[in-house]
Amino acid sequence: MNEVIALEGVAKRYDDAAAPALGPLTLSVAKGEALAVTGPSGSGKSTLLNLVAGLDKPTEGSVTVAGRRIDQLSEHALAKFRREHIGMAFQFFNLLDDLTVTDNILLPAQLTGTGRCSATARAAELMDMLGIRKHARAYPGRLSGGERQRVGVARALVNRPELLLADEPTGALDTASGHDVRELLTDLHRGGQTVVLVTHDLALAEACASRTIHLVDGRLALDTHARAVR
Ligand code: ADP
């Protein structure tokens, strides 16, 4: 399967708003693509990310992720689907301060019932890759913003998700940490990870995305893969 995300005629309307917050939008994201979603505040970026993550449901259209149509799944089935197929590095998914870095990273693996041994090996591999191995036994409160962000990304990747979703990954970071996260996303993309990244940061989009879409008032105003514009 070459498509990790397929949105067909997707629209999201909140309450009785005159215009939809998003769409109608048809968009597909291929395996291995790193897609940056940009646009002004209120243009529908978070709405799009929430629909792809199955955190919200469209009012029209279909959302297919990793070959599975998710817009009609129950909450329970969606939670399971997310744990198994989607890694989420969102600012509001905070790390747990009373667990070590390693235990934070292992959490999603425990939820899917992955064996402790293989999950621990995977966590160690990710910590090496992300340069945070030396903090394995530390508590998140002692780390810098950039390091915490890396722990969040490691946690998002521990179950080897088909899709990594990142929401403003450099938003709260100083310049040096922002640079680290940028390199990290670029490395992940080079390694074949499919990524969708919501950002205000055009330099970040340019540096680590293979494709950028720009939303204005919930509509696709630009897609650097011009063929995908409808
Ligand atoms: P962005 O992430 O680009 O800032 P959003 O997706 O958050 O944009 O919002 C798109 C539009 O939908 C905005 O007009 C926003 O006010 C509206 N919106 C978002 N969430 C809700 C909600 N839960 N209820 C009502 N309107 C919402």
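In listed order, ligands and their atoms are each counted from 1.
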What's the shortest distance from [atom] to any protein heavy atom, and which residue and atom give it?
| atom | answer |
| --- | --- |
| atom 10 (C) of ligand 1 | Gly42 O, 3.3 Å |
| atom 18 (N) of ligand 1 | Tyr14 CE1, 3.4 Å |
| atom 12 (O) of ligand 1 | Ala21 CB, 3.2 Å |

May I ask you to decide if [Y]'s main-chain N or O and [X]'s side chain share a donor-acceptor pair within less than 3.5 Å?
| X | Y | value |
| --- | --- | --- |
| Thr212 | Thr224 | no |
| Lys12 | Pro20 | no |
| Asn104 | Leu95 | no |
| Arg13 | Thr59 | no |

Return the option from Thr47, Val198, Asp217, Val37 holding the heavy atom at the smallest distance from atom 9 (O) of ligand 1.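 Residue with the shortest heavy-atom distance to the ligand atom: Thr47.
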
Relative to atom 7 (O) of ligand 1, which among Gly218, Ser46, Ser41 owns the nearest non-hydrogen atom?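 Looking at heavy atoms only, Ser46 sits closest to atom 7 (O) of ligand 1.
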
Decide whether an N or O pair under 3.5 Å exists between Gly44 and ligand 1. yes

Flag Lys45 as yes when one of its N or O atoms lies below 3.5 Å from any N or O atom of ligand 1, and as no otherwise. yes

What's the spacing between Thr199 OG1 and Leu204 CG if we round to 0.5 Å?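 Reported value, rounded in 0.5 Å steps: 4.5 Å.
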
Quick one: does Pro40 get within less than 4.0 Å of ligand 1, heavy atoms only?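 True for this residue.
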
Can Gly39 be said to touch ligand 1, with heavy atoms closer than 4.0 Å? no

Just jot down the ligand 1 atoms closer than 4.0 angstrom to any heavy atom of Ser43, in number order.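 Answer for ligand 1: 1 (P), 3 (O), 8 (O).
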
Distance-only criterion, 3.5 Å: show the donor-acceptor pairs between side-chain atoms of residues 126-142 and protein atoms not counting sequence neighbours.
unit_1	atom_1	unit_2	atom_2	d
Asp128	OD1	Arg133	NH1	3.1
Asp128	OD2	Arg133	NH1	2.8
His135	NE2	Glu147	OE2	3.3

Within the protein, is there a heavy atom lying under 4.0 Å from atom 5 (P) of ligand 1?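 Yes, at least one protein heavy atom sits under 4.0 Å from atom 5 (P) of ligand 1.
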
Is any side-chain N of the basic residue among Asp103 and Arg116 closer than 4.0 Å to the acidic one's carboxylate O?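 So Asp103 pairs with Arg116 through a salt bridge.
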
Pair listing, ring-ring contact (aromatic ring centres under 6.0 Å, His included) test, anchored in residues 58-86, at least two apart: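 Non-adjacent pairs meeting ring-ring contact (aromatic ring centres under 6.0 Å, His included): Phe81-His85.
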
